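Presented below is the structure to which this report refers.
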Number of protein chains: 2
Amino acid sequence: MLSNASKYAIRAVLFLANKSSNTQKYGSKHLADSLEIPNPFLAKLLQQLSRAGVISSAKGPGGGFYLTDQNRQRHISDILNVIEKENVLHTCLMGLPRCGDANPCPIHHLAAPFMVELRKKFNVQTIDELANEVKENGTYLTLKGLDDL
Amino acid sequence: MLSNASKYAIRAVLFLANKSSNTQKYGSKHLADSLEIPNPFLAKLLQQLSRAGVISSAKGPGGGFYLTDQNRQRHISDILNVIEKENVLHTCLMGLPRCGDANPCPIHHLAAPFMVELRKKFNVQTIDELANEVKENGTYLTLKGLDDL
DNA sequence: CTAATAAAGGACTTTTTAGTCTTTTAATAT
DNA sequence: ATATTAAAAGACTAAAAAGTCCTTTATTAG
């Protein structure tokens, strides 16, 4: 459903949400290492997000990527809008062109409630809110360095 | 999550489940037209499924693809095993290598119940059972020819 | 002012997925 | 037997996604 690009971008932004600030920036290299994402590929994504104003960046020594308070009020869907061409949150998992309540595909009734919740999470929850959930619920953005695997 | 190939294959098999029999076979052309799938691409998929014994086929005049009673007892996951390289029903939607209850990704708690249900539908329900659901619940394998769009 | 740092930009390569085309083989009906 | 029908097989092309590399620009610390 989501491309690698989107998954990488979302994880990187949530990382920044929980760790960066105006005075604490992270280079793409650091992010790529922490999240186990190919660095040049991630750098491209960060560049796009920065250009679109979803995240912030500063060049030069001590520079890097970070989130401002403004950035934190944006939604995950803003990331998807930058990275993906079409709205992946509205595509049918069975590939039916116009799957919906009126013309459901064979798994529509199973998938629809989940998709509704996912859209809520990505469209209405702010990046800040989701990042806090990550912090408090003990969910992970990477499994790097975890020893209980 | 599912590739086009898998989506096409599932729809085609469900179509055959509800319309074909030992005496009523369908050529790839007919299926492709009915389901609005590129014919040569679908032909390849049907070929693979036939070789794997998930569906049946007969050459020559009056030939085509069809399901036997045996075929009908197989699962959707058998289709996926033929078409996809890895088990898409166990991949994390956020791309975490080992996402699970122990090490959940940020949307794991949202996605897990849905994935459990989806695995049930694809792993334990037979093709026959799902096809009957399609027939009875008025779900669709194609929207071709529907005028209420 | 200069050296070092790090993002921006853009061209490029590789891999995967999607889709096409042509030839061969098997079955059947006449 | 032969013409016809339709799947099997496999080589091929196209497009999209994923990933790399190199050069430029801006910033800052010395």
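Here the structure is a predicted model, which means the values were calculated and not measured.
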Task: Ring centres under 6.0 angstrom apart (A/Tyr8, A/Phe41) - done: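 Yes, the ring of A/Tyr8 comes within the 6.0 Å limit of the ring of A/Phe41, centre to centre.
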Task: Atom pair SG/NE2 of A/Cys99 and A/His90 - distance to nearest 0.5 Å - done: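 Atom-to-atom, A/Cys99:SG and A/His90:NE2 are 11.5 Å apart.
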Open item on the list: Rounded to the nearest 0.5 Å, what separates atom CG in B/Leu110 from atom CG in B/Leu93?
Closed with: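 Here the rounded value is 9.5 Å.
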For [X], which contact category applies under a 4.0 Å heavy-atom criterion: base, sugar-phosphate, or nothing?
X       : value
A/Lys85 : sugar-phosphate
B/Pro38 : sugar-phosphate
A/Ala58 : sugar-phosphate

So do the side chains of [X] and [Y] get within less than 4.5 Å of each other, counting heavy atoms only?
X        : Y        : answer
B/Met115 : B/Met1   : yes
B/His75  : B/Ile127 : no
A/Arg74  : A/Thr126 : no

Rounding to an integer number of Å, can you tell me how far [X] [atom1] sits from [N] [atom2]?
X       : N      : atom1 : atom2 : result
A/Leu42 : C/dA6  : CG    : P     : 15 Å
A/Gln47 : C/dG9  : CD    : C1'   : 6 Å
B/Lys59 : C/dA29 : NZ    : C1'   : 18 Å
B/Ile83 : C/dA18 : CD1   : P     : 11 Å

- [ ] Let me see the working for B/Ile10 and B/Leu2 under side chain to side chain contact (heavy atoms under 4.5 Å, CB included), right down to the final yes or no.
- [x] CA-CA 10 Å; B/Ile10 292 171; B/Leu2 298 179; 4.2 Å; yes
Open item on the list: Looking at A/Glu133 and A/Lys121, is there a salt bridge between them, counting it only when a charged N and a carboxylate O are closer than 4.0 Å?
Closed with: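 Looking at A/Glu133 together with A/Lys121, the answer is yes, because their closest N to O distance falls below 4.0 Å.
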Open item on the list: I'd like to check the salt bridge (charged side-chain N to carboxylate O under 4.0 Å, His left out) partners of B/Lys29; sequence neighbours left out, ordered by chain and number.
Closed with: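 Partners of B/Lys29 by the salt bridge (charged side-chain N to carboxylate O under 4.0 Å, His left out) criterion, ordered by chain and then number, come out as B/Asp33.
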Open item on the list: A/Ile37 vs A/Leu31, test: side chain to side chain contact (heavy atoms under 4.5 Å, CB included). Steps then yes/no.
Closed with: CA-CA 8 Å; A/Ile37 296 173; A/Leu31 290 167; over 6 Å; no
Open item on the list: Testing the basics here: between A/His108 and A/Asp101, what is the closest heavy-atom pair and its distance to 0.1 Å?
Closed with: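 Minimum heavy-atom separation between A/His108 and A/Asp101: NE2-OD1, 2.9 Å.
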- [ ] Please tell me which of A/Pro61 and A/Tyr8 maps to the more 5' nucleotide of DNA chain D, matching each residue to the nucleotide holding its nearest heavy atom.
- [x]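 The residue whose closest nucleotide sits nearer the 5' end is A/Tyr8.
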TODO: Could you list all the side-chain hydrogen bond (donor to acceptor under 3.5 Å, both in side chains) pairs where at least one residue sits in residues 47-56 of chain A, not counting sequence neighbours?
DONE: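 Qualifying pairs, neighbours excluded: A/Ser50-A/Ser57, A/Ser56-A/Asn71.
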Open item on the list: Check this one for me: any side-chain N or O of A/Arg51 less than 4.0 Å away from OP1 or OP2 of C/dA7?
Closed with: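 No, A/Arg51 has no side-chain N/O under 4.0 Å of OP1/OP2 on C/dA7.
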Open item on the list: When you compare the side chains of A/Glu86 and A/Thr91, does any donor N or O come within less than 3.5 Å of an acceptor on the partner?
Closed with: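 Per modelled atom types, A/Glu86 and A/Thr91 side chains form no pair under 3.5 Å.
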Open item on the list: Checking contacts here: which listed nucleotide (C/dA18, C/dA26, C/dG9) is nearest the side-chain heavy atoms of B/Ala5?
Closed with: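 Out of C/dA18, C/dA26, C/dG9, the nucleotide with an atom closest to B/Ala5's side chain is C/dA18.
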Open item on the list: For DNA chain C, which residues of residues 11-36 of chain B approach it to below 4.0 angstrom with any heavy atom?
Closed with: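 DNA chain C contact set from residues 11-36 of chain B: none.
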TODO: Give me the residues of residues 65-74 of chain B where at least one heavy atom lies under 4.0 Å from an atom of DNA chain C, by number, or none.
DONE: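 Hits under 4.0 Å, by residue number: none.
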Please enumerate all protein N or O atoms sitting under 3.5 Å from an N or O of nucleotides 12-15 of chain C, with distances to 0.1 Å.
none

Task: Test applied, ring pair (Phe, Tyr, Trp, His ring centres under 6.0 Å); reference residue, A/Tyr26; option that passes from A/Phe15, A/Phe65, A/Tyr66 - done: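 The single option meeting the ring pair (Phe, Tyr, Trp, His ring centres under 6.0 Å) with A/Tyr26 is A/Phe15.
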TODO: Anything under 4.0 Å to a heavy atom of chain A counts; send over the first and last such nucleotide of DNA chain D, read 5' to 3'.
DONE: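 For DNA chain D, the relevant span reads D/dA17 to D/dT28.
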